[in-house]
J.: 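Got a structure here, written out as structure tokens. Questions coming.
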Amino acid sequence: MSDASPFRRLMVTGGAGFIGSCFVRDLLARRDGTRITVLDKLTYAGNRANLAPAEADPEQAARLRFVQGDIADPVAVGSLVAEADAVVNFAAESHVDRSILDPAAFLRTGVEGVYVLLEACRHEQERATRGERARPPRMVQVSTDEVYGSVDEGESRETDPIAPRSPYAAAKAAGELLARSYFVTYGLDVVVSRGSNTYGPYHHPEKLIPLFVTNAIDDLPLPLYGDGLQRRDWLFVGDHAAAVAFLLERGRAGEVYNVPGGNERANRDVVALLLERLGKPWSLVRSVPDRPGHDRRYAMDGTRLAGLGWRARTTFEAGLAATVDWFVANQDWWRPIKSGEWDAYYERQYAARLAAGLAVAPAAPSGEPAAPSGTT
Ligand code: NAD
Ligand code: DAU
């Protein structure tokens with residue numbers, strides 16, 4: 001944080017996950033004195049190893065505290081928010097496919113957990129009013145472009161209606177609506193970010209890019225849903241974390257900000273690029289039955305955030321190359337994750353799909369993929 005920043009003591013929830021840990025690592029690496037308390041439940045997706053680079057550096061480690069706990073637990077949350085100038089909430093169940101299999105945890109963390117954080121902030125705001133702390137805390141609620149639902153054409157603006165279509169997206173929408181309601185009703189200092197599809201080092205291997213990279217390294221099949229022509233806008237994790245840090249300092253209270261990556265690609269083109277980087281053949285790709293309710297496309301307009309002076313910097317080609325190379329070089333990080341609980345999840349999510357899967361014809365040179373070949 002800048003020297004003038006009032007946010008010197010941060011509480012970062014979900015800080016052992018993919019994006020939250022990048023936020024923590026990058027902020028501590030600025031060596032500006034900012035102190036961070038991470039509150040993380042360490043679900044299957046949370047990983048202390050994600051914070052290892054900061055913990056290995058004595059100066060950074062001295063400014064980092066890790067607390068294992070649940071954001072839906074008011075006791076765990078209350079005392080930590082009392083010590084914080086700001087709360088940055090990354091904690092969520094984040095995988096759409098798991099929300100289709102088992103939605104309950106998504107609601108517990110995404111709705112009840114956000115409510116508990118907001119209530120703790122409201123309590124601290126009242127303390128500030130009574131002069132018991134210098135100023136009320138700010139809260140940044142990290143949300144997603146998925147709240148807009150599938151966008152066939154054009155780009156979503158922050159003023160557009162939201163229309164989430166998966167239990168994951170609905171829980172995220174509920175969380176950010178609650179956050180907004182606390183701004184309107186109680187004047188709480190809340191900012192909401194809506195990031196697009198994020199990728200990079202430390203990405204859990206359940207998600208498209210790390211799943212396909214790690215499977216391809218082992219010459220395992222790559223289960224591409226449906227025709228693979230769904231489109232996502234890819235945002236490098238360092239850019240996403242930087243945008244959240246920027247909004248923490250510069251976002252207007254009560255406002256929502258899109259955080260686009262500016263890298264819209266069809267899934268098939270993403271897969272072709274990562275295979276090229278790995279030097280692995282397209283013949284690993286299988287066309288498998290689609291995700292139910294699969295959103296066809298996300299795209300956001302970034303004018304509001306650009307107006308504050310921020311835009312993503314990383315091109316998809318550079319970010320993907322760095323990501324693929326990181327997974328090749330860091331097999332000690334991801335191999336343990338693809339074992340234990342992973343096996344039951346993979347079986348449930350993919351066994352029947354892969355059994356029904358077809359080989360996929362390679363993308364045509366124009367970038368317009370040919371139809372699936374229909375051979376197994
Ligand atoms: P992730 O699944 O990698 O990490 C989530 C972290 O939250 C994990 O460390 C997990 O242990 C922790 N957690 C889960 N439930 C918790 C609870 N009840 N209490 C405390 N900690 C809990 O997720 P991610 O990809 O890093 O996403 C972080 C945030 O960004 C999420 O809110 C997600 O909705 C949002 N987001 C993600 C993307 C993306 O593409 N990954 C894009 C836009 C927005
Ligand atoms: O858009 C932001 C969202 O991006 C975040 O809010 C979510 O937390 C994050 O998980 C991500 O959601 P997606 O559903 O877009 O990501 P995922 O990696 O699961 O899938 C990306 C695309 O790839 C999507 O069109 C589905 C497809 N896919 C995914 C998997 C895991 C496949 O074709 N096969 C797969 O096995």
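What you see is a predicted model; the values in this text were computed from it and never measured. Numbering of ligands and ligand atoms starts at 1, following listing order.
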J.: To which protein heavy atom is atom 34 (N) of ligand 2 closest, and what is the distance rounded to 0.1 Å?
T.: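 Result: Pro223 O, 2.8 Å.
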J.: Going by heavy atoms, is His204 under 4.0 Å from ligand 1?
T.: no
J.: Pull out every atom of ligand 2 sitting under 4.0 Å from any heavy atom of Tyr168, numbered as shown with elements.
T.: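 Within the 4.0 Å cut-off of Tyr168, ligand 2 contributes 5 (C), 6 (O), 7 (C), 8 (O).
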J.: Is Arg63 reaching over with its side chain to a backbone N or O of Thr34, donor-acceptor style, under 3.5 angstrom?
T.: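 Yes, Arg63 side chain to Thr34 backbone: donor-acceptor pair under 3.5 Å.
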J.: Distance check, rounded to the nearest 0.5 Å: Thr323 atom OG1 versus Leu274 atom CG?
T.: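 Reported value, rounded in 0.5 Å steps: 10.0 Å.
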J.: Any idea which atoms of ligand 2 are less than 4.0 Å away from a heavy-atom of Val96?
T.: 14 (O)
J.: Report yes or no: does a heavy atom of His294 sit under 4.0 Å from some atom of ligand 2?
T.: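 It does; at least one heavy atom falls under 4.0 Å.
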J.: Do me a favour and list the nearest non-hydrogen protein atom to atom 21 (N) of ligand 1 with residue, atom name and distance?
T.: Lys41 N, 3.0 Å
J.: Are Arg194 and Tyr148 in a cation-pi setup, meaning NZ or CZ lies under 6.0 angstrom from the ring centre and within 45 degrees of the ring axis?
T.: yes
J.: Give me the residue, atom name and distance of the protein heavy atom closest to atom 29 (C) of ligand 1.
T.: Phe90 O, 3.1 Å
J.: Roughly how far apart are Leu51 CG and Phe66 CZ, rounded to 0.5 Å?
T.: 7.0 Å
J.: Quick check on contacts: which atoms of ligand 1 are under 4.0 angstrom from a heavy atom of Asp70?
T.: 17 (C), 18 (N), 19 (N)
J.: Any Lys/Arg nitrogen of Glu176 or Lys172 sitting under 4.0 Å from an Asp/Glu carboxylate oxygen of the other?
T.: no
J.: Taking 4.0 angstrom as the limit and counting only heavy atoms of Asn197, give me the atoms of ligand 1 inside it, by number and element.
T.: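 Reading through ligand 1 atom by atom, the close ones are 40 (O).
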J.: Assess the side chains of Asn263 and Tyr199: does a donor N or O sit below 3.5 Å from an acceptor N or O?
T.: no
J.: With Arg286 as the cation and Tyr350 as the aromatic partner, state whether NZ or CZ is under 6.0 Å from the six-membered ring centre and within 45° of the axis.
T.: no
J.: Atom 38 (C) of ligand 1: which protein heavy atom is closest, and how many Å away?
T.: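 Result for atom 38 (C) of ligand 1: Ile19 CD1, 3.6 Å.
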J.: Tyr350 heavy atoms, cut-off 4.0 Å: which ligand 2 atoms fall inside?
T.: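 What qualifies from ligand 2 is 30 (C), 31 (C), 35 (C), 36 (O).
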J.: At a 4.0 Å threshold, what atoms of ligand 1 neighbour a non-hydrogen atom of Tyr168?
T.: 33 (C), 34 (O)
J.: Output the list of atoms in ligand 2 that are nearer than 4.0 Å to some heavy atom of Leu224, sorted by atom number.
T.: 33 (O)
J.: What protein heavy atom lies closest to atom 30 (C) of ligand 2? Include the residue and the distance to one decimal.
T.: Tyr225 CE1, 3.6 Å
J.: Any atoms of ligand 1 less than 4.0 Å from a non-hydrogen atom of Lys172? List them with their elements.
T.: 31 (C), 32 (O), 33 (C), 34 (O)
J.: Verify, without hydrogens or angle tests, whether Asp85 (side chain) and Arg8 (backbone) share a donor-acceptor contact under 3.5 angstrom.
T.: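 Side chain of Asp85 to backbone of Arg8: a pair is present.
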J.: How far is atom 4 (O) of ligand 1 from the closest protein heavy atom, and which atom is that?
T.: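 Heavy-atom neighbour on the protein nearest atom 4 (O) of ligand 1: Gly17 CA, 3.4 Å.
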J.: Check ligand 2 against Glu206 and write out every atom of the ligand that is under 4.0 Å from a heavy-atom position of the residue.
T.: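 Per the distance check, 31 (C).
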J.: Please confirm whether Ser21 approaches ligand 1 to less than 4.0 Å, judged on its heavy atoms.
T.: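 Contact absent.
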J.: Identify the protein heavy atom lying closest to atom 9 (O) of ligand 1, giving its residue, its atom name and the separation to 0.1 Å.
T.: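 Ranked first by proximity to atom 9 (O) of ligand 1 is Asp40 OD2, 2.6 Å.
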J.: Could you check atom 44 (C) of ligand 1 against the protein and tell me its nearest heavy-atom contact, residue, atom and distance included?
T.: Ser143 O, 3.1 Å
J.: Could you check atom 12 (O) of ligand 2 against the protein and tell me its nearest heavy-atom contact, residue, atom and distance included?
T.: Glu146 OE2, 2.8 Å
J.: Would you sort out whether Ser196 and Asp145 count as a side-chain hydrogen bond (donor to acceptor under 3.5 Å, both in side chains), showing the intermediate values?
T.: CA-CA 5 Å; Ser196 62; Asp145 61 0; 4.7 Å; no
J.: Would you mind running through ligand 1 and noting each atom that sits below 4.0 Å from a heavy atom of Gly14?
T.: 6 (C), 7 (O), 12 (C)
J.: CG of Asp57 to CG of Leu28: how many Å apart, nearest 0.5 Å?
T.: 9.0 Å
J.: So which of Glu83, Glu126, Glu124 actually passes salt bridge (charged side-chain N to carboxylate O under 4.0 Å, His left out) with Arg133?
T.: Glu124
J.: Could you tell me the residue and atom name of the protein heavy atom closest to atom 19 (O) of ligand 2, and the distance to it rounded to 0.1 Å?
T.: Arg291 NH2, 2.9 Å
J.: Distance from Leu117 atom CG to Leu178 atom CG, nearest 0.5 Å?
T.: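 CG of Leu178 is found 11.0 Å from CG of Leu117.
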J.: Would you mind checking if Arg296 and Asp152 are paired as a salt bridge, meaning a charged N to carboxylate O distance below 4.0 Å?
T.: no
J.: Looking at side-chain heavy atoms only, is the closest gap between Gln68 and Lys41 below 4.5 Å?
T.: no
J.: With a cut-off of 4.0 Å, which atoms of ligand 1 are near a heavy atom of Leu42?
T.: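 Contacts of ligand 1 toward Leu42, numbered from 1: 11 (O).
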J.: Please determine whether any non-hydrogen atom of Val142 lies less than 4.0 Å from an atom of ligand 1.
T.: yes
J.: Less than 4.0 angstrom from a charged side-chain N to a carboxylate O is my criterion; do Glu158 and Arg252 meet it?
T.: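 Not counted as a salt bridge, because no side-chain N and carboxylate O are separated by less than 4.0 Å.
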J.: Taking the six-membered ring for Trp, are Phe18 and His203 parallel (under 30°), tilted (30 to 60°) or perpendicular (over 60°)?
T.: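 Phe18 and His203: parallel rings.
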J.: Suppose we measure from atom 16 (O) of ligand 2 to each protein heavy atom; which comes out shortest, and what is that distance?
T.: Asn197 ND2, 3.5 Å
J.: Quick one: nearest non-hydrogen protein atom to atom 5 (C) of ligand 1, plus distance?
T.: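 In this structure, atom 5 (C) of ligand 1 has Ala92 O, 3.5 Å as its nearest protein heavy atom.
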J.: To check your reading of the model: name the closest protein heavy atom to atom 27 (C) of ligand 2, its residue, and the distance in Å.
T.: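 Looking at atom 27 (C) of ligand 2, the protein heavy atom closest to it is Asn267 ND2, 3.5 Å.
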J.: Taking the non-hydrogen atoms of Gln349, is any one of them nearer than 4.0 angstrom to ligand 2?
T.: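 So Gln349 does not count as touching ligand 2.
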J.: Could you tell me the residue and atom name of the protein heavy atom closest to atom 18 (O) of ligand 2, and the distance to it rounded to 0.1 Å?
T.: Leu208 N, 2.8 Å
J.: Counting from 1, what ligand 2 atoms have a heavy atom of Leu211 closer than 4.0 Å?
T.: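 Answer for ligand 2: 36 (O).
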J.: Establish, yes or no, whether a centroid distance under 6.0 Å links the rings of Tyr44 and Trp342.
T.: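 Not under 6.0 Å, so no.
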J.: State the atoms of ligand 2, each with its element, that fall below the 4.0 Å cut-off from a heavy-atom position in His95.
T.: 19 (O)
J.: Given the rule in the side-chain hydrogen bond (donor to acceptor under 3.5 Å, both in side chains) test, do Glu146 and Tyr298 qualify, once you have shown the distances and angles that lead to the verdict?
T.: CA-CA 7 Å; Glu146 299 212 7; Tyr298 305 127; 3.2 Å; yes
J.: Quick check: is Tyr115 connected to Tyr186 through a chain of hydrophobic side chains (ILVMFWY, heavy atoms under 4.5 Å apart)?
T.: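 Same hydrophobic cluster.
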J.: Compute the minimum heavy-atom distance from Ala16 to ligand 1 and say whether it is under 4.0 Å.
T.: yes
J.: Say you draw a straight line from OG of Ser99 to CZ of Phe106; how long is it, rounded to the nearest 0.5 Å?
T.: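 Between atom OG of Ser99 and atom CZ of Phe106 there are 5.0 Å.
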J.: Which of the numbered atoms in ligand 1 are below 4.0 angstrom from a heavy atom of Gly69?
T.: 19 (N), 20 (C)
J.: If you have a sec, work out which protein heavy atom is nearest atom 9 (C) of ligand 2 and how many Å separate them, to one decimal?
T.: Ser94 O, 3.9 Å
J.: Tell me, please: is His240 in heavy-atom contact with ligand 1, that is, under 4.0 Å?
T.: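 Yes, His240 has a heavy atom closer than 4.0 Å to ligand 1.
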J.: Do any nitrogen or oxygen atoms of Glu93 come within less than 3.5 Å of a nitrogen or oxygen of ligand 1?
T.: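 In this structure, Glu93 places no N or O atom under 3.5 Å from an N or O of ligand 1.
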J.: Regarding Glu119 and Tyr182, do their side chains bring together a donor and an acceptor under 3.5 Å, going by distance alone?
T.: yes
J.: Any idea which atoms of ligand 2 are less than 4.0 Å away from a heavy-atom of Asp145?
T.: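 Counting from 1, the qualifying ligand atoms are 1 (O), 2 (C).
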